[in-house]
There are 2 protein chains.
Amino acid sequence: MKTLTLPSISEMDLTAVCAALGDPVRMKIVQCLARSGEKNCSGFEVEHISKSTLSHHIKILRESGLIQPRFQGKEHFYSLRKEDLDRRFPGMVEMLLNEPASKE
Amino acid sequence: MKTLTLPSISEMDLTAVCAALGDPVRMKIVQCLARSGEKNCSGFEVEHISKSTLSHHIKILRESGLIQPRFQGKEHFYSLRKEDLDRRFPGMVEMLLNEPASKE
DNA sequence: TCTATTGTTTGATATTTTTCGAACTGAAAA
DNA sequence: TTTTCAGTTCGAAAAATATCAAACAATAGA
């Protein structure tokens, strides 16, 4: 059975969220999800990165509260926790959307 | 003569700004400046940190575009680049102000 | 001029983070 | 059941970051 930890809205920590966004690969993933909704790992527009590294970045994004998974068969679909983020950090998601996608 | 590099508004990079804010000491400094305007190093509410480490953090904040210095005698006064940040990343400063000061 | 003050820079070390390949897990398909 | 597929976890190595003390720089004041 799959038990995974998602921080609640009040558990989200701004410093941790900023640290998560402070890596170019993770910023790219988040902007990708913010623009185009749900995606699985192969849908993130990042290149030249091993799947274990990608999994590591996903974990950091999830644990900071930025993204959430949905399991369907053998695939893990990820999406931005837009509503939760809007409530916890108003303006943040819009700021990410306003920004042209960073180069990897 | 003192020549120091401040990024222009268009040179500011969101990922670099987030990385700068992703450290608890630096987050504390930025929130302190956002709330109370200009301060010199001894005015930052951070403890148990050497002056060389503090200087290092200040450099990262300055180079990311978050803060700017003003030299007066032997003191260096730092302030948030609020207007520039408002223009480049609308909502960011307000988000920092909405957040209760992080614990060191 | 000498000294104290405010802060930066340098060099070194410790810690954290990023990265990968290999092994593993769970689910679907053959 | 065996294989394949999508992804995670583990263990190790490399790279980046945080930290400090000591040395340095610039200014103000005695």
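To find a chain, count down the sequence lines: A is the first, B the second, and so on, and within it residues start at 1. Hydrogens, waters and symmetry mates play no part in the numbers below; they use all other heavy atoms, side chains included.
- Proximity note for A/Cys41 (side chain, C-beta onward) versus D/dA18, D/dT8, D/dA21: the nearest is D/dT8.
- Between A/Lys51 and A/Ile60, it is A/Ile60 whose nearest contact on DNA chain C lies nearer the 5' terminus.
- Between A/Phe77 atom CZ and D/dT8 atom C1' there is a gap of 17 Å when expressed in whole angstrom units.
- Nearest nucleotide to the A/Ser55 side chain, out of C/dT10, D/dT8, C/dC20: D/dT8.
- No contact: A/Leu54 has no heavy atom under 4.0 Å from any strand.
- Between B/Glu75 atom CD and C/dT5 atom C1' there is a gap of 9 Å when expressed in whole angstrom units.
- A continuous path of ILVMFWY side-chain contacts below 4.5 Å connects B/Leu66 to B/Leu54, so both sit in one hydrophobic cluster.
- Salt bridge status for A/Arg88 with B/Glu99: present, with a side-chain N to carboxylate O gap under 4.0 Å.
- Side chain of A/Arg26 to backbone of A/Ala20: a donor-acceptor contact under 3.5 angstrom is found.
- Within the nucleic acid shown, A/Arg26 comes within 4.0 Å of sugar-phosphate atoms alone, with no base atom in reach, counting heavy atoms only.
- Side-chain atoms of A/Ser36 do not come within 3.5 Å of backbone N or O of A/Leu33 as any donor-acceptor pair.
- Counting distance only, with no hydrogens placed and no angle test, the side-chain atoms of A/Lys74 and the base atoms of D/dG7 include no donor-acceptor pair under 3.5 Å.
- B/His76 has its side chain out of reach of B/Asn40: every pair of non-hydrogen atoms, C-beta onward, lies at least 4.5 Å apart.
- Rounded to whole angstrom, the span from the CD1 atom of A/Ile58 across to the C1' atom of C/dT18 amounts to 15 Å.
- If you check distances only, the side chain of A/Ser50 never reaches the base of C/dG21 with a donor-acceptor pair under 3.5 Å.
- Here A/Tyr78 lies in heavy-atom contact (under 4.0 Å) with sugar-phosphate atoms only.
- At whole-Å resolution of the value, CD1 in B/Ile49 and P in C/dA14 are 19 Å apart.
- Where A/Arg62 and B/Ala19 meet DNA chain D, the nucleotide closest to each residue was compared, and A/Arg62 sits on the side nearer the 5' end.
- Within the 4.0 angstrom heavy-atom criterion, base atoms lie near B/His56.
- Taking atom CD1 on A/Ile67 and atom P on D/dG7, their separation rounds to 12 Å, with Å as the unit.
- Mapping A/Gly73 and A/Gly22 onto DNA chain C by nearest heavy atom places A/Gly22 closer to the 5' end of the strand.
- Closest to the A/Thr53 side chain, of the nucleotides D/dC20, C/dT19, D/dT9, is C/dT19.
- One can place NZ of B/Lys59 at 13 Å from P of D/dA18, the figure rounded to the nearest angstrom.
- Tested against B/Leu6, the residues B/Arg81, B/Met12, B/Glu11 include a single side chain to side chain contact (heavy atoms under 4.5 Å, CB included) partner, B/Arg81.
- Phosphate contact (OP1/OP2 of D/dA6, side-chain N/O of A/Asn40, threshold under 4.0 Å): absent.
- Between the CD atom of B/Gln72 and the P atom of D/dA26 there is a distance of 19 Å, rounded to whole Å.
- Taking atom CG on A/Asp23 and atom P on C/dT18, their separation rounds to 5 Å, with Å as the unit.
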